[in-house]
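Beneath this line is the structure, given in structure tokens, with notes to follow.
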Amino acid sequence: MIHLIWSIINGIIFLYFLYLIVGFIAKGRRIFKPQFKVVSIFIMVIGIIQIISASNSKKNTNRIIINDEYKKTNNSKIKNVILEDNLTFDINMLVKYSIDNKEFIPIESNSFLTGLVSGYIWEFKSIQINNHKPNEKSKYIANGILKWNLFGINIYSESKTFSGIME
């Protein structure tokens, strides 16, 4: 529930920023009401800075190479695991396996958020997973950081560790 409230707060601040921009273009300085003038100017300045800095930011792919010594001619298989299932979003992980001599060898992994992700950034940091044979299970441990952002500014970073069994 707290994730939904955080997303709603982010949405309200974004809509207020759009209201300020459109109002400033249409009415000028009269859009700033005296009792909220400082907060309104602060939100407007932060929003403009975020728009300008967004073009300079690098994108995190959340892709981890586990084993790069596999034969590209081998068959491969991708398994999907939902690491965390929240009310508003899910944290997913994909593991790509190379099939070599009836053994599944993990070669790369990717993790991402799906759903209403307003105000959140997921950084996939590490994964530990072992090889396994068909019809066996494999244990995994995945680590990452869930960043709680308010209007693009990192407010809180939550370290997350997931472990489980992949069939």
Side-chain angles (χ1 to χ4, degrees), residues 1-22 24 32 36-69 76-97 104-132 137-167:
M1 187 66 162
I2 191 159
H3 296 105
L4 179 61
I5 293 169
W6 189 258
S7 296
I8 290 171
I9 291 171
N10 270 286
I12 289 170
I13 290 176
F14 178 72
L15 291 174
Y16 187 63
F17 169 72
L18 290 178
Y19 165 77
L20 289 174
I21 292 294
V22 171
F24 187 72
F32 301 117
F36 300 117
K37 188 173 188 175
V38 175
V39 173
S40 298
I41 292 173
F42 178 75
I43 289 176
M44 192 168 166
V45 169
I46 293 296
I48 292 170
I49 291 171
Q50 291 299 327
I51 290 171
I52 292 169
S53 67
S55 62
N56 297 333
S57 66
K58 63 177 185 171
K59 298 292 182 186
N60 187 4
T61 61
N62 286 339
R63 182 173 170 232
I64 297 175
I65 304 291
I66 299 170
N67 184 0
D68 57 357
E69 299 175 3
S76 62
K77 185 173 187 172
I78 297 176
K79 299 244 182 170
N80 183 21
V81 176
I82 296 176
L83 298 175
E84 184 173 332
D85 185 10
N86 289 319
L87 178 65
T88 58
F89 67 86
D90 298 334
I91 301 175
N92 297 289
M93 180 178 69
L94 299 174
V95 178
K96 183 176 181 183
Y97 290 95
F104 289 84
I105 302 167
I107 50 177
E108 71 180 62
S109 183
N110 187 8
S111 184
F112 51 91
L113 295 175
T114 57
L116 180 62
V117 296
S118 175
Y120 298 100
I121 295 176
W122 171 247
E123 288 185 10
F124 189 42
K125 293 296 186 184
S126 68
I127 182 171
Q128 294 176 341
I129 192 165
N130 52 355
N131 301 354
H132 65 92
K137 297 179 180 179
S138 176
K139 292 183 181 179
Y140 67 86
I141 299 174
N143 297 304
I145 298 173
L146 182 64
K147 293 185 176 183
W148 295 55
N149 292 344
L150 187 61
F151 207 50
I153 299 170
N154 187 13
I155 302 297
Y156 178 69
S157 295
E158 180 181 3
S159 180
K160 292 195 167 272
T161 300
F162 304 100
S163 62
I165 298 174
M166 186 177 294
E167 296 184 23

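Note that these values count all heavy atoms, side chains included, but never hydrogens, waters or copies made by symmetry. Counting from 1, the numbers follow the sequence of the chain as shown.
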Subject >> Residues Tyr16 and Ser40: side-chain donor-acceptor under 3.5 angstrom >> reply: yes
Original post:
So do Phe124 and Ile91 actually touch side chain to side chain, heavy atoms under 4.5 Å?
Top reply: no
Subject >> Pairwise distance CG(Leu116) to CG(Asn86) - rounded to 0.5 angstrom >> reply: 11.0 Å
**OP:** Look at the side chain of Ser163 and the backbone N and O of Tyr140, then say whether any donor-acceptor pair between them is shorter than 3.5 Å.
**Re:** no
Original post:
Which pair of heavy atoms, one from Ser138 and one from Ile129, lies closest together, and at what distance?
Top reply: OG-CG1, 3.4 Å
Original post:
Near Ile2 CD1, under 6.0 Å, is it more than 12 heavy atoms from other residues, nucleotides or ligands?
Top reply: no
**OP:** Verify, without hydrogens or angle tests, whether Tyr120 (side chain) and Leu113 (backbone) share a donor-acceptor contact under 3.5 angstrom.
**Re:** no
Original post:
Cut-off 3.5 Å, side chains only: do Asn143 and Ser126 have a donor facing an acceptor?
Top reply: yes
**OP:** If a pair satisfies salt bridge (Lys or Arg N to Asp or Glu O under 4.0 Å) and one of its residues is in residues 141-161, list it, with sequence neighbours excluded.
**Re:** Glu84-Lys160, Glu123-Lys147, Glu158-Lys160
Original post:
In this structure, are over 12 heavy atoms from other groups packed under 6.0 Å from Phe151 atom CZ?
Top reply: yes
Original post:
What residues form a side-chain hydrogen bond (donor to acceptor under 3.5 Å, both in side chains) with Asn67, not counting sequence neighbours?
Top reply: none
**OP:** Side-chain contact test, heavy atoms from C-beta onward, threshold under 4.5 Å: evaluate it for Tyr19 versus Met44 and give yes or no.
**Re:** no
Original post:
Can you tell me how far the CH2 atom of Trp6 sits from the CD1 atom of Ile155, to the nearest 0.5 Å?
Top reply: 5.5 Å
Subject >> Minimum-distance pair of heavy atoms, taken over all atoms of Lys139 and Ile165 >> reply: CG-CG1, 4.3 Å
Subject >> Side-chain H-bond candidate by donor/acceptor type, Asn10 with Ser118, under 3.5 Å >> reply: no
**OP:** Answer yes or no: is there a side-chain heavy-atom contact under 4.5 Å between Leu83 and Ser111?
**Re:** yes
Original post:
Relative to each other, are the rings of His3 and Trp148 parallel, tilted or perpendicular (30° and 60° limits)?
Top reply: tilted
Subject >> Heavy-atom donor-acceptor pair, Asn62 side chain to Trp122 backbone, under 3.5 Å >> reply: yes
**OP:** With rounding to the nearest 0.5 Å, note down the distance linking CZ in Phe104 to CE in Met166.
**Re:** 12.0 Å
**OP:** Working to the nearest 0.5 Å, report the span between OG1 of Thr114 and CG of Asn92.
**Re:** 4.0 Å
Subject >> Spatial distance of atom CD1 (Ile145) from atom OG1 (Thr161) [nearest 0.5 Å] >> reply: 10.0 Å
Original post:
Is the shortest heavy-atom distance from the side chain of Leu94 to the side chain of Asn80 under 4.5 Å?
Top reply: yes
**OP:** Hey, could you give me the CG/CD1 distance between Asn149 and Ile121, rounded to the nearest 0.5 Å?
**Re:** 4.0 Å
